[in-house]
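When a ligand or atom number is given, it counts from 1 through the structure's own listing order. Heavy-atom basis, side chains included; hydrogens, waters and symmetry copies ignored.
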Amino acid sequence: MTRFVDVHNMLRWVADRGPASVISGMMGYLQEDFQRWESFDKTPRVASHTPFGVIELMPTSDHETYGFKYVNGHPSNPARGFQTVTAFGVLADVHNGYPTFLGEMTVLTALRTAATSGMVAKRLARPDSRVMAMIGAGSQSEFQALAFRSALGISTLRVWDTDAAAMGKLARNLGPLGFDITVASSAADAVRGADVITTCTADKTNATILTADLIAPGVHLNAIGGDCPGKTELDAAILELGEVFVEYTPQTRIEGEIQQMSADFGVTEFWEVLDGRAPGRTTAEQITIFDSVGFAVEDFSALRYVRDAVAGTDYCVEIDLVASPEDPKDLFGLVGALSPVG
Ligand code: NAD
């Protein structure tokens, strides 16, 4: 049998545990997996592009467990009443190849993206960071805010979105949770005085959400919205201002902000910082840039975390996903057993 967490149970689990506590716990699993980065099979995700958006498969394995996520990215979706990003994911036992765990990942992707951003910022942002500019107030934004409060103690948000209703929604969701929120009048206004800048906009174009003159010394830039060929958020000149950190270089060169740079543009993979092979932030004035696209190992960590957390609870159910004849060679016998006589 395969254990399954559907949307209702995922939401129930996250609400009962509290999203901030889930994000913190997930950061621990992410850190464990980034620290054993070299033991994972890694490949850029497999993407199917259409004029509407992209559908992607994100596989990885640590040779005990195999995992993959199905995810879409359709920036035009909200205008048609659909979400930009939806997902589900699977873990399987490599010894027999059977799927052991299946979970919704639309909510889980927002949690894992936030937890990854938080884990990275904890190592790269200035520890005295308190103010975050949030450019883009869509589905990912509240999760990002919670992760940065957990990782760094960020309590003040300066938010900008071209959609005023999205900013109102963010203020309604996060105000009661104790954030001090300023609705900005532009991206330039939002980043004024910010220690950390998160960009999480969605538009399938080479956008210029921020220009280099807006990035102050010492800022940590958490750029999560540019994650597809032809879909970036930052003026390329920003990438020359500081050190750029990525998840998995071959995928980020295709999908990240650095697709705007030459193929030999120097970047640091974040696992190397955790491992001590590469420095993280070296001075308080340094600008650090996390060019995040989302990588399969993060989904693997998130699924592993949920699987372990809900084991033995009623947040998961067993489903009959794999046909299992008593004689492993007699698959047809299962059909025969149900066929009407004659
Ligand atoms: P969403 O559609 O819910 O929200 C995006 C917001 O950006 C919208 O409110 C929109 O009005 C705003 N926006 C668009 N253009 C803007 C501009 N020029 N200036 C200011 N605001 C602007 O999308 P989402 O689910 O929050 O995802 C945001 C982005 O993050 C998407 O591009 C998605 O693909 C990406 N993403 C990345 C990761 C990762 O791991 N790096 C994970 C999940 C999502």
Side-chain angles (χ1 to χ4, degrees), residues 26 30 45 47 49 52-56 58 69 71-87 89 105-120 133-145 147 158-171 173 183-191 197-211 214 221-235 245-248 251-252 254-258 270 289-299 301-302:
M26 202 177 286
L30 281 161
R45 62 182 138 201
H49 295 276
F52 311 105
V54 63
I55 294 179
E56 301 165 325
M58 303 173 69
K69 178 169 83 173
V71 62
N72 77 299
H74 284 62
S76 60
N77 265 359
R80 299 183 292 155
F82 306 113
Q83 297 171 92
T84 298
V85 176
T86 69
M105 287 196 80
T106 305
V107 177
L108 199 57
T109 292
L111 291 160
R112 81 84 157 110
T113 303
T116 303
S117 290
M119 169 184 70
V120 169
M134 174 84 69
I135 318 290
S139 299
Q140 310 302 317
S141 58
E142 292 92 346
F143 297 93
Q144 289 285 326
R158 298 179 60 80
V159 58
W160 167 244
D161 193 300
T162 44
D163 176 6
M167 294 194 281
K169 175 232 38 169
L170 179 139
N173 284 338
V183 171
S185 56
S186 65
D189 181 31
V191 303
I197 302 171
T198 288
T199 53
C200 52
T201 66
D203 199 359
K204 193 153 175 27
T205 182
N206 291 116
T208 307
I209 306 297
L210 295 172
T211 49
L214 297 177
L221 185 44
N222 173 50
I224 72 157
D227 60 355
C228 232
K231 177 166 169 261
T232 55
E233 295 181 302
L234 305 180
D235 181 355
F245 298 83
V246 302
E247 291 138 318
Y248 177 57
Q251 181 175 307
T252 309
I254 299 168
E255 303 177 350
E257 297 299 327
I258 60 167
F270 179 70
I289 301 157
F290 179 37
D291 183 2
S292 166
V293 294
F295 186 61
V297 170
E298 293 151 29
D299 301 309
S301 312

So is Cys200 in contact with ligand 1, going by heavy-atom distances below 4.0 Å?
yes
Could you give the distance from CD1 (Ile135) to OG1 (Thr198), rounded to the nearest 0.5 Å?
9.0 Å
Charged N to carboxylate O below 4.0 Å: is that the case for Lys69 and Glu56?
no
How far is atom 12 (C) of ligand 1 from its nearest protein heavy atom, and which residue and atom is that?
Asp161 OD2, 3.2 Å
Should the proximity of Ser139 to ligand 1, defined as any heavy atom under 4.0 Å, be assigned to the side chain, the backbone, both, or neither?
both
Tell me which protein heavy atom sits closest to atom 37 (C) of ligand 1, plus the residue, atom name and distance to 0.1 Å.
Ile224 O, 3.0 Å
Under 6.0 Å between the ring centres of Phe290 and Phe245?
no
Around atom 42 (C) of ligand 1, find the nearest protein heavy atom and jot down its residue, atom name and distance.
Thr113 OG1, 3.2 Å
Glu142 vs Lys169, salt bridge (Lys or Arg N to Asp or Glu O under 4.0 Å): CA-CA, chis, key distance, verdict
CA-CA 10 Å; Glu142 292 92 346; Lys169 175 232 38 169; 3.0 Å; yes
What protein heavy atom sits nearest atom 32 (O) of ligand 1, and how far off is it?
Lys231 NZ, 2.7 Å
Please say whether Glu298 places an N or O atom under 3.5 Å from an N or O atom belonging to ligand 1.
no
Ligand 1 to Gly225 polar contact by distance, N or O atoms, under 3.5 Å:
yes
Got the closest protein heavy atom to atom 2 (O) of ligand 1, with its distance?
Thr84 OG1, 2.7 Å
Among all protein heavy atoms, pick out the one at the shortest distance from atom 14 (C) of ligand 1; state its residue, atom name and that distance to 0.1 Å.
Ala202 O, 3.7 Å
Just distances here: any N/O of Pro78 and N/O of ligand 1 closer than 3.5 Å?
no
Quick test: of every protein heavy atom, which one is nearest to atom 20 (C) of ligand 1, and how far off is it to 0.1 Å?
Thr162 N, 3.5 Å
To atom 27 (O) of ligand 1, the nearest of Arg112, Gln83, Gln140, Gln144 on a heavy-atom basis is Gln140
Using a 4.0 Å heavy-atom cut-off, say whether Thr116 meets ligand 1 through its side chain, its backbone, both or neither.
neither
How far is atom 29 (C) of ligand 1 from the closest protein heavy atom, and which atom is that?
Thr201 O, 3.2 Å
Looking at ligand 1, does any of its N/O atoms fall within less than 3.5 Å of an N/O of Asp227?
yes
Closest candidate by heavy atom, reference atom 4 (O) of ligand 1, pool Gly256, Gly138, Ala137, Gly53
Gly138
Is there a polar contact, in the sense of an N or O pair closer than 3.5 Å, between Glu247 and ligand 1?
no
Give yes if a backbone or side-chain nitrogen or oxygen of Ser141 is under 3.5 Å from a nitrogen or oxygen of ligand 1, and no if not.
no
